[in-house]
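Data first, discussion second: the structure below is written as structure tokens.
Hydrogens, waters and symmetry mates play no part in the numbers below; they use all other heavy atoms, side chains included. Naming: A, B, ... by sequence-line order, numbering from 1 per chain.
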Amino acid sequence: MPRSAASPSALSKAIAATIRKIPRGKVSTYGAVAKAAGYPRCARHVAKVLQSVPDLPWQRVLGAGGRISLSAEYALEQRFLLQAEGIRFRGKRVDMPNFEHIFSPRRSVPRAR
DNA sequence: ACTGTGACACTGG
DNA sequence: ACCAGTGCCACAG
């Protein structure tokens with residue numbers, strides 16, 4: 001096995017993969033993505049991944065509470081893209097109760113029921 | 001090994 | 001409800 005492992009760290013891949021799972025018409029938050037990817041306290045890394053990895057549905061990732069955490073100009077574009085997917089806002093925030101994507105819980109504890 | 005980075009989350013005033 | 005400060009954690013140089 002060559003040591004030329006994949007350049008992107010496991011964390012980056014996991015986060016990127018998680019972001020790709022957010023379906024069209026839904027959104028998530030940095031914290032939620034990090035958690036779903038298996039790295040609960042790494043919300044800030046989600047931001048890093050969005051920066052470095054192209055071709056991700058970046059507009060579907062929001063700050064806590066559904067707030068857009070981009071500078072004004074980009075915020076405008078993000079909002080536009082989201083609305084184009086049918087997502088609705090309430091003031092400056094996305095109507096989270098209705099549009100937040102719920103990731104399938106990782107069943108580290110099988111048969112948890 | 002150390003320091004700076006990053007599109008954050010959370011708490012308190 | 002808004003803003004500022006503080007905590008966070010792994011990556012990149």
Side-chain angles (χ1 to χ4, degrees):
Chain A
M1 217 342 234
R3 81 300 298 279
S4 356
S7 352
S9 61
L11 174 151
S12 299
K13 285 202 303 184
I15 289 179
T18 302
I19 293 173
R20 277 189 263 266
K21 288 179 189 162
I22 306 173
R24 193 172 179 292
K26 289 285 185 174
V27 297
S28 190
T29 65
Y30 296 86
V33 167
K35 187 175 175 186
Y39 296 83
R41 290 312 191 266
C42 296
R44 312 189 77 164
H45 271 267
V46 176
K48 214 120 188 180
V49 170
L50 284 168
Q51 273 289 341
S52 45
V53 183
D55 306 316
L56 288 179
W58 62 271
Q59 67 270 34
R60 296 178 194 153
V61 185
L62 304 164
R67 289 190 338 341
I68 290 183
S69 56
L70 280 177
S71 53
E73 20 188 347
Y74 287 99
L76 202 59
E77 182 183 342
Q78 181 168 25
R79 179 170 179 138
F80 180 82
L81 289 170
L82 289 176
Q83 292 182 325
E85 296 189 358
I87 288 160
R88 303 211 275 182
F89 283 71
R90 289 188 49 229
K92 292 184 170 181
R93 324 186 155 205
V94 162
D95 187 354
M96 291 309 267
N98 289 305
F99 298 102
E100 180 168 21
H101 173 62
I102 308 301
F103 292 100
S104 354
R106 50 188 56 253
R107 46 202 111 142
S108 32
V109 186
R111 305 260 149 245
R113 80 161 250 23

request  = Might you work through the side chain to side chain contact (heavy atoms under 4.5 Å, CB included) test for L81(A) and E77(A), ending with a clear yes or no?
outcome  = CA-CA 6 Å; L81(A) 289 170; E77(A) 182 183 342; 4.0 Å; yes
query = Just how far, in rounded Å, is P of dC11(C) from CD of Q51(A)?
reply = 17 Å
query = Side-chain contact, heavy-atom cut-off 4.5 Å: M96(A) with T29(A)?
reply = yes
Within-4.5 Å side-chain heavy-atom neighbours: W58(A) and Q78(A) = yes
task = Using a 4.0 Å cut-off on protein heavy atoms (strictly under), produce a 5'-to-3' string for nucleotides 4-9 of chain C with B for base contact, S for backbone-only sugar-phosphate contact, and - for none.
result = ---BBB
Min side-chain heavy-atom separation I19(A)-P57(A) under 4.5 Å = yes
ask   = Which is the 5'-most and which the 3'-most nucleotide of DNA chain B that has an atom under 4.0 Å from a heavy atom of chain A?
value = dT5(B) to dA9(B)
ask   = Counting any heavy atom closer than 4.0 Å, what does L70(A) reach on the DNA or RNA strands: base, sugar-phosphate only, or nothing?
value = base
ask   = Any chain of hydrophobic side-chain contacts (each under 4.5 Å) joining I68(A) to Y74(A)?
value = yes
request  = Please report the shortest heavy-atom distance between V94(A) and V27(A), naming the atom on each side.
outcome  = CG1-CG2, 4.0 Å
message = Can you confirm whether V49(A) sits close enough to L56(A) that some side-chain heavy atom of one is under 4.5 Å from a side-chain heavy atom of the other?
response = yes
message = Show me the pairs that pass side chain to side chain donor-acceptor pair (under 3.5 Å) and involve residues 88-102 of chain A, at least two apart or across chains.
response = D95(A)-N98(A)
remark   = Nearest heavy-atom contact between S28(A) and F103(A) is OG-CE1, 3.3 Å
query = Rounding to a whole Å, what distance do you find between L50(A):CG and dC11(C):P?
reply = 16 Å
query = Where are the stems of DNA chain B, defined as at least 3 consecutive Watson-Crick or wobble G-U pairs with both distances under 3.5 Å?
reply = B:2-6 with C:9-13, B:8-13 with C:2-7
request  = Flag yes if more than 12 heavy atoms outside F89(A) fall under 6.0 Å of its CZ atom; otherwise flag no.
outcome  = yes
key: Protein-nucleotide distance (K13(A), atom NZ; dC11(C), atom P), rounded to Å   = 13 Å
query = Say you draw a straight line from CD1 of I87(A) to CZ of F99(A); how long is it, rounded to the nearest 0.5 Å?
reply = 7.0 Å
Interface with DNA chain B, restricted to residues 71-92 of chain A and to heavy atoms under 4.0 Å = none
task = Check whether any side-chain heavy atom of V53(A) lies under 4.5 Å from a side-chain heavy atom of I15(A), and answer yes or no.
result = no
message = By the salt bridge (Lys or Arg N to Asp or Glu O under 4.0 Å) test, which pairs, at least two apart or in different chains, include something from residues 18-30 of chain A?
response = none
